[in-house]
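These notes are about the structure you will find just below.
As a basis for the values below, the full set of heavy atoms in this structure was taken, side chains included, without hydrogen atoms, waters or symmetry mates.
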Amino acid sequence: MTTDLVRRYDVIAIEDLNVAGMLKNHPLARAIADMGFAEFRRHLTYKAAQRGKTVVVVSRWYPSSKMCSSCGYKTPKMPRAVREWTCPECRTRHDRDVNAAVNLQKVAESSVGSAQPVSA
């Protein structure tokens, strides 16, 4: 997966997740441990460097899922169980994960220019 991502994109944004804290959540711990986030990040970073690509690591405190990707409104609190929400400012309906991905893309684009796919 890391090889495919590095081939396809010049810029890749990832969140700096608090994996140790996530492992304390027992219902999620096994799935998180099985994912190998640290190893994924390590592979992604070194492969990107080999190919002259950029990995933008976004702070774990950046409100990627709580901020409206349309107008920038930031919801003060949002429990993890909330998977969809409507922005009270612009009334845009969001899927939490898609909204976070759009916000991360905006951070990557503002950090280094453009996060467009590389032609194969």
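Side chains of I14 and D16 form no contact here, defined as non-hydrogen atoms less than 4.5 Å apart.
For the pair E109 and K106, the salt-bridge criterion is not met [side-chain N within less than 4.0 Å of a carboxylate O].
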Checking side-chain contact (heavy atoms from CB on, under 4.5 Å) for the pair Y73/M67: CA distance, chi angles, key distance, verdict? CA-CA 6 Å; Y73 174 83; M67 187 168 61; over 6 Å; no
Give the C-alpha distance, both sets of side-chain angles, the deciding distance and a yes or no for side-chain contact (heavy atoms from CB on, under 4.5 Å) between M1 and L44. CA-CA 9 Å; M1 179 186 274; L44 187 64; over 6 Å; no
Would D97 and R83 count as a side-chain contact (heavy atoms from CB on, under 4.5 Å) here? Give the steps. CA-CA 8 Å; D97 296 326; R83 304 314 308 160; 2.9 Å; yes
Let's go through V11 and V56 carefully: what are the C-alpha distance in whole Å and the side-chain angles of both, what is the deciding distance for side-chain contact (heavy atoms from CB on, under 4.5 Å) to 0.1 Å, and is it a yes or a no? CA-CA 7 Å; V11 180; V56 176; 3.9 Å; yes
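Atom NZ of K66 sits about 8.0 Å away from atom OG1 of T75, to the nearest 0.5 Å. With rounding to the nearest 0.5 angstrom, the CD atom of Q50 is 9.0 Å from the OG1 atom of T3. In this structure, CZ on R96 lies 8.5 Å from OG on S64, to the nearest 0.5 angstrom. Summarising the geometry, atom NZ belonging to K47 is positioned 9.5 Å from atom CZ belonging to R42; distances are rounded to the nearest 0.5 Å. Separation of atoms OG (S65) and CG (N103) is listed at 8.5 Å; rounding is to 0.5 Å. The OH atom of Y9 sits 8.0 Å away from atom CG of D4, with the distance rounded to the nearest 0.5 Å.
Scanning for ring-ring contact (aromatic ring centres under 6.0 Å, His included) contacts around Y62 gives an empty result, with sequence neighbours left out.
Formation of a donor-acceptor pair under 3.5 Å by the K53 side chain with backbone atoms of V6 is found in this model.
Annotation for V98 and D95: closest pair N-OD1, 3.0 Å, computed over non-hydrogen atoms.
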Extract all donor-acceptor atom pairs below 3.5 Å that involve side chains of residues 87-94 and protein atoms in other chains or at least two apart in sequence.
from, atom 1, to, atom 2, distance (Å)
R93, NH1, T86, OG1, 3.1
R93, NH2, E84, OE1, 3.0
H94, ND1, N99, OD1, 3.2

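F40 and V55 end up in the same hydrophobic cluster when Ile, Leu, Val, Met, Phe, Trp and Tyr side chains are linked at under 4.5 Å.
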